[in-house]
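In the text below, chain A, chain B and the rest are named by the order of the sequence lines, each starting its count at 1.
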There are 2 protein chains.
Amino acid sequence: MVQSSIIPNISVDCVIFAYDKGLLKVLVRKEFIPTAKGVELRYKLPGNHMLFNERMEDTASRTLLEQTGARDIFMSQFSVFSDLDRLMRNADEYSWIKNNGLIHERVVTIGFYSLIKLNQPKKIKLIDRAEWKNVDEAFDLIFDHKDILNAALKQLRIDMLLHPIIFELLPQKFTLGQLQHLFEIILDQKFDKRNFRRKISGMKFLVATEEWQEGVAHKPAQLYRFDKRLYNKHKKENFEFII
Amino acid sequence: MVQSSIIPNISVDCVIFAYDKGLLKVLVRKEFIPTAKGVELRYKLPGNHMLFNERMEDTASRTLLEQTGARDIFMSQFSVFSDLDRLMRNADEYSWIKNNGLIHERVVTIGFYSLIKLNQPKKIKLIDRAEWKNVDEAFDLIFDHKDILNAALKQLRIDMLLHPIIFELLPQKFTLGQLQHLFEIILDQKFDKRNFRRKISGMKFLVATEEWQEGVAHKPAQLYRFDKRLYNKHKKENFEFII
DNA sequence: TCAAAAGTGTTAGAGGTACACCCATGA
DNA sequence: TCATGGGTGTACCTCTAACACTTTTGA
């Protein structure tokens, strides 16, 4: 891809969430920023400038593919960030990215958030310098990327109550305990186990498989899966997901 | 403002809603497009290219001010439109806007929707060629503006259930009948009058004034107002609006 | 045998839904 | 006096919230 095909004033930034070992993770890229005090390690969200022959969704897919090696990842455009000083809040960060030659003084960025299954079925291969960070430990992000992350989380919290997107973070087959726990960590709110399961069991599109957990030091849980077809049938009547 | 300060690839389009005589209106601009068959009357949403020294909200405010003469109008950024052919789906429309000299081949537009009080308290003065159209009669919009309008409506329907924004469309003092009717026409759904009023009366931030409707050919209704302070107090406990 | 999560019912209260009549006003 | 929307109460039912114990497994 040639340099000239880049739209200089528009970029797409991706907030890629994953659920791993009971924690909500976000994908960040390590960057080493030279400052007066020496080289500082900072993080940024993955992103790219939009190309002239791309829709914003294409730029987002390209970024996801580039960072994780995965295609067909769930993504949702949630907000735009256009503050005049968004790249210039910190002089060191700005001169660093300016020196990388990729950037115009004024870049409006379109925020996408993505949900990705870490285990199955697609293999995830992070590129060099990309890493998963716990969402609540991702503070030292450059530019306005912390704002973007917070806005993504806020949108995710709304969307997950209205649409069945939470399953994008879980393996194909999961336990109700995992499902409940994932709700709890994203919403930062505890649910009563029995009430949660009663509500869930009213959802016809959550179907029990004949498989059980293995190798756990407690009573193994039955595995469930999300049935998209059943969901599409039922949502017409039920209007939406609504947990 | 000089031409050179325009960012050529980014625009903001505004879907401005209003409630008038029991109908939901949207502001459109008349455009006369020369075609092989003669001059055709088409409509477009108001919008502007972003300037280099503007945030997207500034571009939106500028557009609102320019079209209606009003400031401090409620607005909300809801989506971005970046399809490659979004300005070129129709050759006549494209050559018309290209001849107006304002446009680059590739423009990504940021969609805002606005809610505006037609009667009070600010005086609305539409500029030439702007007019209110019933939302369900706004079909012949150019470019992808019909898509933008539909997306705005969809977002409005979600937002109005979660946040107390519906009052932005009503006069400062309104009847419960108006409020219910406005819900009904936006959501395209009927509500039971008694149940609606019971629910409403649980909302402490909707306060009855000591004024009544005048000049109506039926029993005059009591006027209510939305109290933002009370809302801000109560929402902490109640989490949100949620109708 | 211990620790850890799975799995399961009941009750009380709150909130939702469905439904019909009289009232005040201007035309 | 008629048409129009305003204003009101009740009964049923569903959903929510709160709560504790037994089971199965690996370590």
(request) For Ala217(A) and for Gln178(B), find the nucleotide of DNA chain D with the closest heavy atom, then tell me which residue's nucleotide is more 5'. (result) Gln178(B)
(message) For Phe174(A), give me all partners under ring-ring contact (aromatic ring centres under 6.0 Å, His included), at least two apart in sequence or on another chain.
(response) Phe167(A)
(message) List the residues meeting side chain to side chain contact (heavy atoms under 4.5 Å, CB included) with Asp147(B), not counting sequence neighbours, and say none if there are none.
(response) Arg89(B), Asp144(B)
(request) Take the angle between the ring planes of Phe78(A) and Tyr113(A) and call it parallel below 30°, perpendicular above 60°, tilted in between. (result) tilted
(request) State, to the nearest 10°, the angle formed by the axis through the first five base pairs of the helix from dT1(C)-dA27(D) to dA27(C)-dT1(D) and the axis through its last five. (result) 10°
(message) With heavy atoms of chain B within less than 4.0 Å as the criterion, where does contact along DNA chain D begin and end?
(response) dA3(D) to dT10(D)
(request) List for me each residue that meets side chain to side chain contact (heavy atoms under 4.5 Å, CB included) alongside Glu168(B), sequence neighbours excluded, and say none if there are none. (result) Phe74(B), Leu115(B)
(message) Go nucleotide by nucleotide along DNA chain C from the 5' end; which of His218(B) and Tyr224(A) gets its closest nucleotide reached first?
(response) Tyr224(A)
(message) So, using side chain to side chain contact (heavy atoms under 4.5 Å, CB included) as the criterion, who are the partners of Arg157(B) when residues are at least two apart?
(response) Leu153(B), Ile186(B), Leu187(B)
(message) For residues 178-191 of chain B, which residue pairs pass the salt bridge (charged side-chain N to carboxylate O under 4.0 Å, His left out) check, not counting sequence neighbours?
(response) Glu184(B)-Lys190(B)
(message) In whole Å, I'd like the distance from the CZ atom of Phe196(A) to the P atom of dG7(C).
(response) 13 Å
(message) Restricting to side chain to side chain contact (heavy atoms under 4.5 Å, CB included), what partner residues turn up for Lys193(A), sequence neighbours left out?
(response) Gln180(A), Arg197(A)
With a cut-off of 3.5 Å and sequence neighbours excluded, list every side-chain donor-acceptor pair involving residues 216-226 of chain A.
from: Gln222(A); atom 1: NE2; to: Thr209(A); atom 2: O; distance (Å): 2.9
from: Arg225(A); atom 1: NH1; to: Asp227(A); atom 2: OD2; distance (Å): 3.4

(request) Could you check how far CD of Gln213(B) sits from P of dG26(C), rounded to whole Å? (result) 11 Å
(request) Please collect all salt bridge (charged side-chain N to carboxylate O under 4.0 Å, His left out) contacts where either partner lies in residues 206-216 of chain A, sequence neighbours excluded, each pair once. (result) Lys173(A)-Glu211(A)
(request) Could you list the residues that satisfy ring-ring contact (aromatic ring centres under 6.0 Å, His included) with Tyr19(B), not counting sequence neighbours? (result) none
(request) Assign a letter to each nucleotide of nucleotides 13-23 of chain C from its 5' end: B, base within under 4.0 Å of a protein heavy atom; S, sugar-phosphate only; -, no contact. (result) ---SBBBB--B
